[in-house]
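Okay, structure first, notes after.
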Amino acid sequence: MRLNPQQQAAAECTGQHVLVLAGAGTGKTATIIGRAAHLLRSGIQPRRILLLTFTRRAAREMVARLERDVGAGSRGVVAGTFHHFCLLTMRRQPKAFGLVDATVIDRDDQLQLVRLARAEQRAKGEQFPQASAILNAISYARNTNAPLPRYLAKHSDWDEDTTRRVLLVAQQYRDRKRQRGYLDFDDLLHRFASVLHKEPAVRARVAGSFDHVLVDEMQDTNPLQWLIVDALRASATLFCVGDDAQSVYAFRGADFRNVHAFAERVPGAAVLKLEENYRSTQPILDLANWLLDGSSLEYGKRLRAHRGPGALPRLMDFDDEWAEADWIAVDLIERHERGTPWRDHMIITRTAWAARALESALVERDVPYRFVGGTQLFQAAHVKDLLSLVRAGLSHRDELAWVRYLTLWPGIGDVRAARTLDTLLPQPDLPQALDTLRAAWKGDARVHEGPRQVWLGRSQPAQVLTDAIRFLEPLLERRYDNWKDRKRDLALLAKLAQRHRSLPAFLEAYALDPISSSEASRLEQDDMVTLITAHSAKGTEAPVCYLLRAEPGLYPHARSLGDLDQEEEERRVLYVGMTRAMDTLILTRSCRLGGHRVFWGGAAGQHAPGGSAYLLEDLPDELIDSQPAPPDPWDDDEIIVPFG
DNA sequence: AAGCTCTGCTTTTTT
DNA sequence: AGCAGAGCTT
């Protein structure tokens, strides 16, 4: 791989900590990979290089590219998400981190726990914050390393009494986690950071195992992650890459001061810039530059296209989302027929939900596609059902799994499940708990058999999964009307389990990475259109990009209206979306801008002073090729035939 | 008393 | 797709 002089200089700048400010498409990944390759060539041992990314996608891509560039010499480089790295390290020395016998839980499990606590605080029929809202607040405070009461006082509009009870919910959530040995995603970072902070010996051991730490997407790191990077700096050299204009995870506590204040926090650090864009043609970048110019913040960024001129981005208006979706599907088919492979097309959506019309159009027109981001296909209910049985068969203390498994049975609801669990929990181990269950349960005798099968066969993950599917089949078939389709997902899961030595390892890997959708699709076919959320799209590119529903209510998202920081983040989300396109950028919208629409979310167009209710409001004509809406193919007005 | 089924509501972004 | 609530069934 060839680097330009700036990239080269960055990759080879050794002897001090480095921050690289890299605009969209300027070869950020190439540079970080180039850096790793340079270190390996200069004799650094692979296992002394740590490569931290923010998303699993980025981690996978980095590893693949590094292997392609360096070959087997890259084996042993430690690469993964922050969460992954923390868990891995803590699993190696469980005692030092107090991690013996802990189960990692995903967001669904978290929500379930919060729901239980919430039910106790909420009066019947009363308006009370949703479990997800409470969990978001808990998580945000945690990731920004701020006490929850202070965070709520500042950022929520809940009244005093509600706030008091939300704090009780949070307290209970914590207690329940502790009692059951559950660790949520935030705990992974928090536990790791706090032990590194409090135990100099542990810190020295962890930090001392690396010479170089490479951090991707630095603008997305949150204060907790900063503490981790900061601890590693004690004996390793940092190489951080980021772009403040692409910071889109503030909702998760990301703090781009980690980029802005880098030089002050890390004395003697070199700050380098990459500004030449290699991805897109100039008109696409002109549009992106215009978008940033409209901000009240100063991003100090002007993307220059190394590739030079090209076609103007297009803007298409439609009557409704169905017409829009169908037009895109047809356009994709035409491009495909003209010889462009499906994989060269990417459709970028603000939310998973906003793409529902598009998904049905793609299905209807037989366009092969995969969805990246949003709620994963594999977090589906039937997968959770299966995994709940597996988890129940490994520990009688896993309350969430047991309740889910038990309520699959006809005649068992929340109440009976909870009561049954009260008898299981005090038992010393699982076999005895199962005996108790068999003795106490008057109904279907098979209830205890499923977990028992798992327990007995637990040394062979793939076989356990296969047996568990067979065991659950009658129950699930009754429950879901499209069982045949769902069964295929489960079979895939059993196949993936083959790769893991133990069931807990499989479950933990799954919790952190609920089946790489990439893997799932690779098992099927390669050439397909990518439908992707703007957040997930960061770091990707495609020759042809559609920006779906680039309309008021979505850019900025209605929920962000009224908060200047959030509105500003929406600008960056749109910026990320636009700068994915290499040759062709097509923006589509599906509402008539003339007729004022009231958007859900309450705020109804009330944007913050200095912000904007619609980011493409004053789009200059010369930057875009505006096209009138094509006739509505679904127009079902009666055709009046004149008689003579 | 507990579970089941129907209906209406509500959907940001991710580890 | 999943939740909450109402009303019905076991």
Side-chain angles (χ1 to χ4, degrees), chain A residues 52-59 80-87 104-108 110-112 115 118-119 122 124-128 130-133 135-136 139-140 142-143 183-190 217 220-222 224-225 247-254 348-356 372-377 379-384 406-407 409-420 443 478-482 486 511-514 532-538 549 553-561 566 569-570 572-574 576-577 599-602:
Chain A
L52 289 175
T53 66
F54 202 63
T55 63
R56 308 181 289 251
R57 273 172 68 81
T81 62
F82 274 91
H83 293 83
H84 195 138
F85 166 66
C86 292
L87 180 61
V104 177
I105 57 171
D106 65 11
R107 187 176 161 92
D108 271 12
Q110 289 183 280
L111 275 177
Q112 211 59 43
R115 249 174 233 132
R118 174 182 181 263
R122 173 176 174 259
K124 208 175 170 198
E126 178 205 19
Q127 282 277 343
F128 197 73
Q130 294 285 313
S132 60
L135 184 59
N136 286 347
S139 182
Y140 186 93
R142 210 89 204 293
N143 278 289
L183 282 178
D184 64 27
F185 288 138
D186 305 329
D187 293 327
L188 297 180
L189 299 182
H190 192 273
E217 308 281 14
D220 289 332
T221 53
N222 61 40
L224 225 42
Q225 289 164 324
S247 163
V248 291
Y249 286 102
F251 69 91
R252 214 169 91 180
I348 297 157
T349 180
R350 174 63 184 81
T351 69
W353 189 64
R356 69 197 195 286
V372 180
T375 311
Q376 289 291 313
L377 174 75
Q379 286 178 17
H382 53 294
V383 173
K384 298 237 133 210
L406 288 174
T407 49
W409 290 87
I412 304 184
D414 298 343
V415 180
R416 245 168 231 165
R419 212 171 281 161
T420 308
R478 216 182 71 107
R479 205 177 184 83
Y480 301 110
D481 38 12
N482 56 346
R486 289 174 185 259
L512 250 59
D513 189 355
I532 192 167
T533 61
H535 284 80
S536 301
K538 195 140 56 80
R549 302 191 62 180
L554 285 168
Y555 294 99
H557 193 279
R559 292 228 156 196
S560 68
L561 290 176
Q566 283 188 46
E569 176 148 311
E570 297 290 307
R572 298 190 293 264
V573 172
L574 183 56
V576 167
F599 299 102
W600 40 266

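Every chain is numbered from 1 and lettered A, B, ... according to where its sequence line falls, protein lines coming before strand lines. Every heavy atom of this structure was used, including side-chain atoms; hydrogens, water molecules and symmetry mates were not.
T533(A) has no side-chain polar atom (N or O) that falls below the 4.0 Å cut-off from OP1 or OP2 of dT12(B). Listed pair R57(A) / dT14(B) fails the phosphate criterion, with no side-chain N or O lying under 4.0 Å from OP1 or OP2. The phosphate of dT12(B) has neither OP1 nor OP2 within less than 4.0 Å of any side-chain N or O from S560(A). Contact between the side-chain N/O atoms of R559(A) and the OP1/OP2 oxygens of dT11(B) is found at a separation under 4.0 Å. Using a 4.0 Å cut-off, no side-chain N or O of R252(A) falls inside it from OP1 or OP2 of dT13(B). For dA4(C), one of the phosphate oxygens OP1 or OP2 lies less than 4.0 angstrom from a side-chain nitrogen or oxygen of R118(A). Taking 4.0 angstrom as the limit, R416(A) places a side-chain polar atom (N or O) nearer than this to OP1 or OP2 of dG3(B).
Residue side chain R350(A) reaches the base of dT12(B) through a donor-acceptor N/O pair under 3.5 Å, judged by distance alone. Applying the 3.5 Å distance criterion, the base of dT15(B) shares a donor-acceptor pair with the side chain of H83(A).
Scanning DNA chain B for stems, defined as runs of 3 or more consecutive Watson-Crick or G-U wobble pairs whose donor-acceptor distances all fall under 3.5 Å, gives the following ranges: B:1-10 with C:1-10.
Side-chain contact check for R107(A) and Q110(A): no donor-acceptor pair (N or O, by modelled atom type) lies under 3.5 Å.
In this structure D187(A) satisfies the salt bridge (charged side-chain N to carboxylate O under 4.0 Å, His left out) test together with R142(A), K177(A), sequence neighbours excluded. When the ring-ring contact (aromatic ring centres under 6.0 Å, His included) test is applied to F128(A), no partner is found at least two apart in sequence or on another chain. Scanning for salt bridge (charged side-chain N to carboxylate O under 4.0 Å, His left out) contacts around R118(A) gives an empty result, with sequence neighbours left out. Shown here are the side-chain hydrogen bond (donor to acceptor under 3.5 Å, both in side chains) partners of R252(A), two or more places apart in sequence or in another chain: there are none. Not a single salt bridge (charged side-chain N to carboxylate O under 4.0 Å, His left out) links R419(A) to another residue, sequence neighbours left out.
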